[in-house]
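Lettering of chains follows the sequences in order, A, B, ..., and the numbering in each one begins at 1.
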Protein chains: 2
Amino acid sequence: MFQQLFKSIQEKVIVTQEEMELCKTFFIPKKLRKKQTLLQEGDICIYNAFIEKGILRSFYIDEKGNEHLVQFAIEGWWITDLSSFLTNSHSIYTIEALEDSELLLLTTAAREALMDQIPMFERYQRLLLQNAYIANQARINSALTETAEEKYINLGNAYPGIVKRVPQHMIASYLGLTPETLSRVRKQISNKS
Amino acid sequence: MFQQLFKSIQEKVIVTQEEMELCKTFFIPKKLRKKQTLLQEGDICIYNAFIEKGILRSFYIDEKGNEHLVQFAIEGWWITDLSSFLTNSHSIYTIEALEDSELLLLTTAAREALMDQIPMFERYQRLLLQNAYIANQARINSALTETAEEKYINLGNAYPGIVKRVPQHMIASYLGLTPETLSRVRKQISNKS
DNA sequence: AATTTTAATTGATTTAAATCAAGAGAATTT
DNA sequence: AAATTCTCTTGATTTAAATCAATTAAAATT
C-alpha cells in the first residue's frame with residue numbers, strides 16, 4: 001500500500017526506517033472506483049491525496065457550463081485543491097477517479113503534524129512544490145504561446161502515459177481546445193507521417 | 001534594507017530576533033538600475049532575489065524571435081528562474097529591472113544553509129511556493145479559458161499596481177496577446193463606460 | 001445481443017485574435 | 001531643442017480555432 005509513497009519520499013529526501021513507520025500512521029488509505037469522487041464542487045477539500053494506483057482528474061464547470069480539466073494525476077503523484085485545502089474555502093473543483101484507484105489521504109492536521117514531527121517531510125513537500133511550480137510555469141508558457149498542434153505534441157512527449165490512458169476530449173479540455181479541434185489536429189499529424 | 005523581507009517572513013512564520021539577525025548575513029544586497037539585468041539568457045541563475053524596492057520582469061525570446069513575458073515582480077516578492085537555480089542549468093530567461101531596484105540575493109548554497117539552520121525559513125519558502133502554485137493555477141485557467149478582455153480586466157483587478165506601472169506592450173506579452181489586440185481591448189472597455 | 005449513452009470524426013460557417021502596415025504620440029538621448 | 005527611439009493606436013486583411021450540425025464509432029447498460 002505504501003510502496004509508491006515511500007519511493008516518492010526516498011527519491012527526494014533521506015528519512016530513517018522509524019520515520020517511515022511513523023509516517024504511515026498519518027495516512028488514511030482509501031479506494032475509489034472509476035467515476036467516484038474525492039472532492040465535490042462546493043465542498044471543502046480536507047484531503048491531500050497521494051495516488052498509489054490509478055488515475056484522477058480535477059476539473060471545474062464555468063458560468064457558461066463548460067467543463068475545464070485542471071489536472072491529471074497518476075501513480076506517484078499528489079492531487080488536491082490546494083487553495084481550498086489550505087484556506088478551508090469551498091472548492092470550485094471536482095476531483096474524480098478515471099480508473100479504479102488507491103489513495104493515501106492526508107488531512108490538513110495530519111499534514112501539519114507530520115511536517116512538525118519529521119522536518120524532512122516538510123522538505124519533501126517543499127521539493128514537490130518546487131517541481132509543481134516549474135511544471136506549471138511550462139504549462140503557462142505552452143498555453144500562452146503554442147498552437148493547438150504544438151500543445152498536443154508536447155503533451156504527448158512529456159506525459160505519454162496520460163495521453164494514452166485518458167479519453168481524447170479530456171486531453172482537449174486540459175489543453176484548452178475543443179474536442180473537434182483536437183480531432184482535426186490528430187488527423188493532420190497522422191497525415192504528415 | 002531588510003524591512004520588506006522581514007515583513008514578508010513575519011507574515012508567514014514566527015522567528016526570533018536572533019534568527020532574523022542571522023538571516024541577514026546570508027543575503028547579498030544589490031542595486032540594479034533600470035534596464036540592468038540580474039540574469040542573462042544562457043547563464044546559470046545563481047540567485048534567488050527578494051525585491052526590497054522596484055520592479056523586475058523575466059522574459060524569454062522564442063525560436064521565432066517573439067518575446068514572452070513570464071513574470072513581473074514588485075516590492076515584497078521573489079524572483080528567480082527556479083528551474084535554472086535548482087538544477088544549475090542554463091536559463092532561457094532574462095531577468096531585468098524595469099525601474100531602479102534594490103534586491104536581496106540568496107545563492108543556492110546560502111538558501112540551503114539558511115533552511116538547515118532556521119527550519120522556519122524552510123517553512124517560509126514552502127508557504128511562498130504554495131501561494132505561487134495557487135497563483136499559477138489561476139493564471140493557467142485564465143490563459144486557457146478567458147477572452148482577451150477578461151484576461152486584461154482580471155489582471156487589472158488582481159494586480160492594479162503592476163498594470164499601472166508597466167508599459168502596455170509588456171502587459172500584452174504577459175497575457176499572451178499582441179500589443180494591437182490589447183490596445184483595441186482597452187478602447188472597447190473605455191467605450192463601454 | 002440490443003439499446004442507450006458516450007466519444008470521436010467530418011463538414012460548413014463564424015469569430016476572436018494575429019498579422020501586416022502606417023502613422024501619431026511619448027519618452028530618451030544627443 | 002532636435003533627433004532618435006520606443007510606445008501606442010487605428011485600419012485592412014488573414015488565420016487558427018470555435019461553433020454549429022450531423023454522422024459514425026465505441027463503450028456501457030439493460
Side-chain angles (χ1 to χ4, degrees), chain A residues 33-36 55 57 59 61-69 72 94 96-100 141-156 162-192, chain B residues 33-36 55 57 59 61-69 72 94 96-100 141-156 162-192:
Chain A
R33 301 204 141 265
K34 187 172 175 172
K35 292 196 182 169
Q36 287 185 322
I55 180 165
R57 64 163 179 159
F59 66 94
I61 316 268
D62 69 20
E63 326 77 53
K64 293 160 204 148
N66 297 315
E67 190 177 296
H68 301 284
L69 213 153
F72 291 111
T94 296
E96 179 197 64
L98 298 176
E99 298 172 2
D100 294 353
N141 291 345
S142 164
L144 290 175
T145 69
E146 291 174 1
T147 63
E149 184 175 331
E150 288 167 339
K151 286 178 193 173
Y152 179 69
I153 289 175
N154 292 341
L155 183 69
I162 289 173
V163 173
K164 278 179 210 135
R165 210 161 154 185
V166 152
Q168 201 172 299
H169 69 276
M170 289 190 188
I171 301 293
S173 176
Y174 180 80
L175 295 175
L177 305 173
T178 59
E180 296 96 323
T181 294
L182 184 58
S183 174
R184 281 182 256 261
V185 160
R186 280 163 50 86
K187 196 184 179 187
Q188 227 181 326
I189 293 169
S190 72
N191 285 348
K192 280 185 190 168
Chain B
R33 300 204 141 267
K34 186 171 175 173
K35 292 195 183 173
Q36 288 185 323
I55 180 164
R57 64 164 178 158
F59 66 94
I61 316 268
D62 70 19
E63 328 77 52
K64 293 161 205 148
N66 298 315
E67 190 175 298
H68 300 285
L69 214 152
F72 291 111
T94 296
E96 179 196 64
L98 297 176
E99 298 172 2
D100 294 353
N141 291 344
S142 164
L144 290 175
T145 68
E146 291 174 0
T147 63
E149 183 174 332
E150 288 167 339
K151 286 179 193 173
Y152 179 68
I153 289 174
N154 292 341
L155 183 69
I162 289 173
V163 173
K164 278 181 211 134
R165 210 162 153 185
V166 152
Q168 204 171 296
H169 69 277
M170 290 190 187
I171 300 293
S173 176
Y174 180 80
L175 295 174
L177 305 172
T178 59
E180 295 97 323
T181 293
L182 184 58
S183 175
R184 280 183 256 262
V185 160
R186 281 164 49 87
K187 196 184 178 186
Q188 226 181 325
I189 293 169
S190 73
N191 285 347
K192 282 185 190 168

Checklist outcome for this item: Rounded to 10°, the helix from dA1(C)-dT30(D) to dT30(C)-dA1(D) deviates from straight, judged by its five-pair end axes, by 50°
Checklist entry - NA contact type, Leu177(B), heavy-atom cut-off 4.0 Å: base, sugar-phosphate, or nothing? => result sugar-phosphate
Checklist entry - Is there side-chain contact between Gln168(A) and Ser183(A), with heavy atoms separated by less than 4.5 Å? => result yes
Mind listing the N/O atom pairs, protein and nucleotides 21-28 of chain C, below 3.5 Å?
none

Checklist entry - What integer distance in Å separates His169(B):NE2 from dC8(D):C1'? => result 10 Å
Item to check | Nearest-Å distance for atom pair NZ/C1', residues Lys64(B) and dA18(C) | outcome: 12 Å
Checklist entry - Ile189(B) CD1 to dA16(C) P: how many Å, rounded? => result 15 Å
Next on the checklist: With a 4.0 Å limit, can you tell me whether Thr178(A) has a side-chain N or O closer than that to the phosphate oxygens OP1/OP2 of dA18(D)?
Outcome noted: yes
Next on the checklist: Distance check needed: dT10(C) P versus Arg186(A) CZ, whole Å only.
Outcome noted: 11 Å
Next on the checklist: Nearest heavy atom decides the nucleotide; on that basis, is Pro167(A) or Gly176(B) closer to the 5' end of DNA chain C?
Outcome noted: Pro167(A)
Checklist entry - Do the non-hydrogen side-chain atoms of Phe72(A) and Met170(A) ever get within less than 4.5 Å of each other? => result yes
Checklist outcome for this item: Here the distance between atom C1' of dT6(C) and atom CG of Leu98(A), to the nearest Å, is 15 Å
Checklist entry - Quick one: do Glu146(B) and Lys151(B) make a salt bridge, cutoff under 4.0 Å? => result no
Item to check | Nearest non-hydrogen partners of Leu177(B) and Ala148(B), listed with the distance | outcome: CD2-CB, 3.7 Å
Next on the checklist: Whether Ser183(B) contacts dT9(D) is assessed here as follows: a side-chain N or O lying under 4.0 Å from the phosphate OP1 or OP2. Is that the case?
Outcome noted: yes
Next on the checklist: Do Arg33(B) and Glu99(B) make a side-chain contact, defined as non-hydrogen atoms from C-beta onward lying under 4.5 Å apart?
Outcome noted: no
Item to check | Atom-to-atom span, CG of Leu144(A) to P of dA18(C) - whole angstrom | outcome: 11 Å
Checklist outcome for this item: The salt bridge (Lys or Arg N to Asp or Glu O under 4.0 Å) partner of Glu96(B) among Lys34(B), Lys35(B), Arg57(B) is Arg57(B)
Item to check | Side-chain (Ser173(A)) to main-chain (Glu67(A)) donor-acceptor, under 3.5 angstrom | outcome: yes
Item to check | Side chain to side chain, Val163(A) and Tyr152(A), heavy atoms closer than 4.5 Å | outcome: yes
Next on the checklist: With no hydrogens and no angle check, just 3.5 Å: does a side-chain donor-acceptor pair link His68(B) and Asp62(B)?
Outcome noted: yes
Checklist outcome for this item: To the nearest angstrom, the NZ-P distance between Lys187(B) and dA16(C) comes to 17 Å
Item to check | Rounded distance in Å - CD (Gln188(A)) to P (dT10(C)) | outcome: 12 Å
